[in-house]
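Here the structure is laid out as structure tokens; the discussion comes afterwards.
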Amino acid sequence: MSKYRADKVDLSLKGMSETDIDAVLRIEKAIYAFPWTLGNFNDCLVAGYRCHVLIGDDKLIGYGVQMLILDEVHLLNLTVASDFQKKGMGKALLNFLIDDALEHQANKMILEVRRTNLTAIFLYESFGFDQIGLRKNYYPAHLGREDAIVMEMVL
């Protein structure tokens, strides 16, 4: 279990388990208009994806899901509960996930982010992610579909 401190909160990262899914789903549904489902998270656990939860002062406050493909990691989901956003928790979580990727000999990380999610784009750019592509109509949106920016960082 990795340790970190942000905004006077002691943080740790641990592997996500089935017992964490209810808390993860509560955060997911509160944050996103089109949240992942119970089936999405269960499928990731069963498939052996790198699923982690961020614990702050003994409370689940965020999570990340990564798919390891040979020497590449695809960051599928990085989410922090709304009460803990803009306090360095996303940065801490991304640091944890990058460390995990490096421990598994990954040499790059790739992700998609909604074109309109400027906060996330800024976070990723601050870590050295670069835009490498655009996926048209990738995400569901209230009025149709929304593009995704594809970003990559060499580890």
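Reckoned from all heavy atoms, side chains included, excluding hydrogens, waters and symmetry mates.
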Are [X] and [Y] packed together at the side-chain level, in the sense that at least one heavy-atom pair is separated by less than 4.5 angstrom?
X      : Y      : value
Leu78  : Leu111 : no
Leu134 : Ile149 : yes
Trp36  : Val65  : yes
Thr19  : Ile21  : no
Ile121 : Gln131 : no
Asp100 : His52  : yes
Leu60  : Ile55  : yes

If I compare all heavy atoms of [X] with all of [Y], which pair ends up nearest, and what's the gap?
X      : Y      : answer
Met153 : Leu155 : CE-CD2, 3.1 Å
Leu97  : Gly64  : CD1-CA, 4.0 Å
Ala92  : Leu11  : CB-CD1, 3.6 Å
Asp147 : Asn137 : OD1-N, 2.9 Å
Ala33  : His142 : CB-NE2, 3.6 Å
Ile31  : Val80  : CD1-O, 3.6 Å

Would you say [atom1] of [X] has more than 12 non-hydrogen atoms from neighbouring residues, nucleotides or ligands within 6.0 angstrom?
X      : atom1 : value
Tyr49  : OH    : no
Phe122 : CZ    : no
Leu70  : CG    : no

Open item on the list: For a side-chain contact (heavy atoms from CB on, under 4.5 Å) check, start with the C-alpha distance between Tyr124 and Leu94, then their side-chain angles and the critical distance, and finish with the verdict.
Closed with: CA-CA 9 Å; Tyr124 298 134; Leu94 187 53; 3.8 Å; yes
- [ ] Apply side-chain contact (heavy atoms from CB on, under 4.5 Å) to Glu125 and Met151, showing your working.
- [x] CA-CA 9 Å; Glu125 287 176 344; Met151 301 184 85; 3.7 Å; yes
TODO: Kindly say whether Asp83 contributes a backbone atom to a donor-acceptor pair with the side chain of Gln85 at under 3.5 angstrom?
DONE: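 Here the side-chain-to-backbone pair does not exist.
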Is it true that [X] and [Y] fall in one hydrophobic cluster, defined by side-chain heavy atoms closer than 4.5 Å?
X      : Y      : value
Ile98  : Met67  : no
Ile132 : Leu75  : no
Val24  : Phe96  : no
Leu118 : Leu123 : yes

TODO: Measure the acute angle between the ring planes of Phe41 and Tyr63, then classify it against the limits of 30° and 60° as parallel, tilted or perpendicular.
DONE: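 Perpendicular: the ring planes of Phe41 and Tyr63 meet at over 60°.
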In Å and rounded to the nearest 0.5 Å, what is the [atom1] to [atom2] distance from [X] to [Y]?
X      : Y      : atom1 : atom2 : result
Arg50  : Leu45  : CZ    : CG    : 11.5 Å
Phe84  : Leu93  : CZ    : CG    : 13.0 Å
Met16  : Cys44  : CE    : SG    : 8.0 Å
Glu152 : Asp130 : CD    : CG    : 8.0 Å
Met89  : Ile61  : CE    : CD1   : 5.0 Å
Arg135 : Arg145 : CZ    : CZ    : 13.0 Å

Open item on the list: Using a 4.5 Å cut-off between side-chain heavy atoms of Ile, Leu, Val, Met, Phe, Trp and Tyr, which other residues end up in the same hydrophobic cluster as Tyr138?
Closed with: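 Members other than Tyr138 - counting any ILVMFWY side chain reachable under 4.5 Å - are Tyr139.
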Open item on the list: The test is side-chain contact (heavy atoms from CB on, under 4.5 Å); show your working for Asp10 and Asp57 and say whether it passes.
Closed with: CA-CA 6 Å; Asp10 290 323; Asp57 292 340; 4.0 Å; yes
Open item on the list: According to salt bridge (Lys or Arg N to Asp or Glu O under 4.0 Å), does anything in residues 20-44 pair up with another residue at least two apart or in another chain? List the pairs.
Closed with: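 The answer is Lys14-Asp20.
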- [ ] Would you check if there is a donor-acceptor pair between the side chains of Glu112 and His74 at a distance under 3.5 Å?
- [x]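 The answer is yes; a qualifying pair exists.
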- [ ] Kindly write out the residues that satisfy side-chain hydrogen bond (donor to acceptor under 3.5 Å, both in side chains) with Ser82, not counting sequence neighbours, or none if the list is empty.
- [x]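 With sequence neighbours excluded, Ser82 shows a side-chain hydrogen bond (donor to acceptor under 3.5 Å, both in side chains) to no residue whatsoever.
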Open item on the list: Run the side-chain contact (heavy atoms from CB on, under 4.5 Å) test on Tyr32 and Thr79 for me, step by step, so that the C-alpha distance in whole Å, both residues' side-chain angles and the decisive distance to 0.1 Å come before the verdict.
Closed with: CA-CA 10 Å; Tyr32 300 112; Thr79 303; 2.6 Å; yes
